[in-house]
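Have a look at the structure below before the remarks.
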Amino acid sequence: RKIFFMFTSIPNLLTLSRIASIPLIVMTFYLEEPLGNWLGLIILIFAGATDFFDGYLARAMHQQSSLGKFLDPIADKLLISSLILMLVGSGGIPKISILPAVVILCRELLVSGLREFLAGAQVSVPVSRMAKYKTTLQMVALGFLMVGSAGPSFGNFTTTDIGIFGLWLAALLTLITGYDYLRAGLRHVEKLDNDILVKKND
């Protein structure tokens with residue numbers, strides 16, 4: 001019954017709905033322009049809203065859980081990674097701007113691997129506030145890139161131009177937060193190694 005409640009609590013349902021939105025967004029890439037572009041953006045906006053409200057409601061309703069803390073970053077990483085892969089595959093991200101996309105993907109893999117290792121040592125790495133800002137910026141940038149040529153121009157800048165700029169900025173934040181996680185993780189690794197040495201000496 002406790003497990004059922006965890007999965008059916010409103011915050012966790014919102015997080016699960018973000019994961020469920022991924023195949024829907026992927027499908028919009030196969031629709032004709034501009035319908036697919038704008039429909040994909042609408043679904044992305046919904047997914048981004050769930051990213052805010054799941055944490056907010058969990059705190060407000062006192063329904064914070066280990067499952068929610070586990071699912072929330074996974075949902076973000078799955079959504080961002082899927083969007084990047086689809087945009088690269090469809091040509092929505094120009095060649096030179098694939099570089100920040102690769103940086104973002106590599107960082108997500110690094111942090112996921114680090115979390116998995118530390119979880120085995122019963123050490124948790126909480127999501128930082130800057131990491132949340134990073135995720136928001138990534139979603140905004142990818143939203144502009146999804147709209148692409150179907151979107152309006154903003155003076156001398158197209159929707160794609162704004163998305164590319166946001167992607168480079170998001171990659172910079174990604175590097176900063178990735179370094180912070182890596183540094184924190186290495187401190188825990190060093191502590192674990194020291195504990196092992198102490199036990200051996202004992």
Side-chain angles (χ1 to χ4, degrees), residues 1-28 38-84 104-105 107-147 163 166-167 169-185 187-188:
R1 182 178 296 180
K2 185 177 179 181
I3 295 176
F4 176 78
F5 173 75
M6 284 194 300
F7 274 101
T8 56
S9 68
I10 294 177
N12 287 343
L13 283 175
L14 287 174
T15 304
L16 290 171
S17 72
R18 185 155 74 256
I19 297 175
S21 71
I22 294 172
L24 297 178
I25 292 180
V26 169
M27 288 173 57
T28 64
W38 290 107
L39 185 58
L41 179 63
I42 291 171
I43 299 173
L44 179 60
I45 291 173
F46 165 79
T50 66
D51 191 26
F52 169 78
F53 283 109
D54 59 2
Y56 173 79
L57 290 176
R59 292 186 296 271
M61 301 171 68
H62 303 290
Q63 292 185 354
Q64 292 172 294
S65 65
S66 298
L67 179 64
K69 292 177 181 178
F70 168 73
L71 286 177
D72 185 58
I74 288 179
D76 292 340
K77 288 174 174 54
L78 288 174
L79 178 61
I80 296 297
S81 300
S82 299
L83 280 175
I84 288 176
I104 291 171
L105 286 177
R107 183 267 187 193
E108 302 302 353
L109 290 173
L110 171 66
V111 172
S112 296
L114 181 63
R115 285 180 181 277
E116 182 177 353
F117 171 78
L118 293 176
Q122 296 184 334
V123 175
S124 64
V125 181
V127 178
S128 66
R129 185 175 296 274
M130 184 175 290
K132 279 293 186 182
Y133 294 152
K134 175 267 305 178
T135 301
T136 300
L137 181 57
Q138 286 176 355
M139 288 190 181
V140 171
L142 293 173
F144 274 97
L145 290 170
M146 285 180 65
V147 174
L167 193 65
L169 189 57
L172 178 61
L173 278 180
T174 295
L175 287 174
I176 295 172
T177 57
Y179 172 74
D180 289 340
Y181 277 123
L182 181 61
R183 185 176 58 180
R187 282 202 300 267
H188 288 300

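This structure is a prediction, so every number in the text was calculated from the model and none was measured. Throughout, residue positions are numbered sequentially from 1 according to the sequence presented.
- With contacts defined as side-chain heavy-atom distances shorter than 4.5 Å, the pair Thr28/Leu24 does not qualify.
- The environment of CE in Met130 is sparse: at most 12 heavy-atom neighbours from other residues, nucleotides or ligands sit within 6.0 Å.
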- Query: Step by step, would you call Ile80 with Ile84 a side chain to side chain contact (heavy atoms under 4.5 Å, CB included)?
  - Reply: CA-CA 6 Å; Ile80 296 297; Ile84 288 176; 3.9 Å; yes
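- A side-chain donor-acceptor contact under 3.5 Å links Thr15 and Asp54.
- Taking CD1 from Ile10 and OG from Ser17, the interatomic distance works out to 11.5 Å, rounded to the nearest 0.5 Å.
- Here the closest heavy-atom approach between residue Gly40 and residue Ile25 is recorded as O-CG1, 4.4 Å.
- Side chains of Ile176 and Lys134 form no contact here, defined as non-hydrogen atoms less than 4.5 Å apart.
- Side-chain contact, Thr174 with Glu108: no donor N or O sits under 3.5 Å from an acceptor N or O.
- Under the 4.5 Å side-chain criterion, counting only non-hydrogen atoms from C-beta, Arg107 is not in contact with Leu175.
- Atom CZ of Phe52 sits about 8.5 Å away from atom CG of Leu57, to the nearest 0.5 Å.
- Inter-residue side-chain proximity for Leu105 and Leu109 is flagged as unmet; no heavy-atom pair is nearer than 4.5 Å.
- Between Ala170 and Ile104, the shortest heavy-atom contact is CB-CD1, 4.4 Å.
- Side-chain contact between Asp72 and Asp51: present, with at least one pair of heavy atoms (C-beta onward) separated by less than 4.5 Å.
- With values rounded to the nearest 0.5 angstrom, Thr136 atom OG1 is found 10.5 Å from Leu173 atom CG.
- When side chains are defined from C-beta on, Leu167 does not count as touching Gln138, because their heavy atoms never get closer than 4.5 Å.
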- Item | Residues Met139, Leu83; criterion side chain to side chain contact (heavy atoms under 4.5 Å, CB included); working and verdict | CA-CA 9 Å; Met139 288 190 181; Leu83 280 175; 5.9 Å; no
- Under the side chain to side chain contact (heavy atoms under 4.5 Å, CB included) rule, what do Arg18 and Leu78 come out as? Steps first, then yes or no, please. CA-CA 9 Å; Arg18 185 155 74 256; Leu78 288 174; over 6 Å; no
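- Annotation: the span from Met27 atom CE to Ile22 atom CD1 amounts to 14.0 Å, rounded to 0.5 Å.
- Scanning all heavy atoms of the two residues, the minimum distance from Gln63 to Pro11 falls at OE1-CD, 3.2 Å.
- Of all non-hydrogen atoms in Gly143 and Leu44, the two that sit nearest each other are CA-CD2, 3.6 Å.
- Residue Ile74 places its CD1 atom among more than 12 non-hydrogen atoms of other residues, nucleotides or ligands, all under 6.0 Å distant.
- The nearest pair of heavy atoms linking Lys77 to Ser112 is CD-OG, 3.3 Å.
- Atom OH of residue Tyr56 and atom CE of residue Met61 lie 11.0 Å apart, to the nearest 0.5 angstrom.
- Rounding to the nearest 0.5 Å places CG of Leu41 at 11.0 Å from CG of Leu145.
- For the residue pair Ser21 and Ala47, the shortest heavy atom distance occurs at OG-CB, 3.7 Å.
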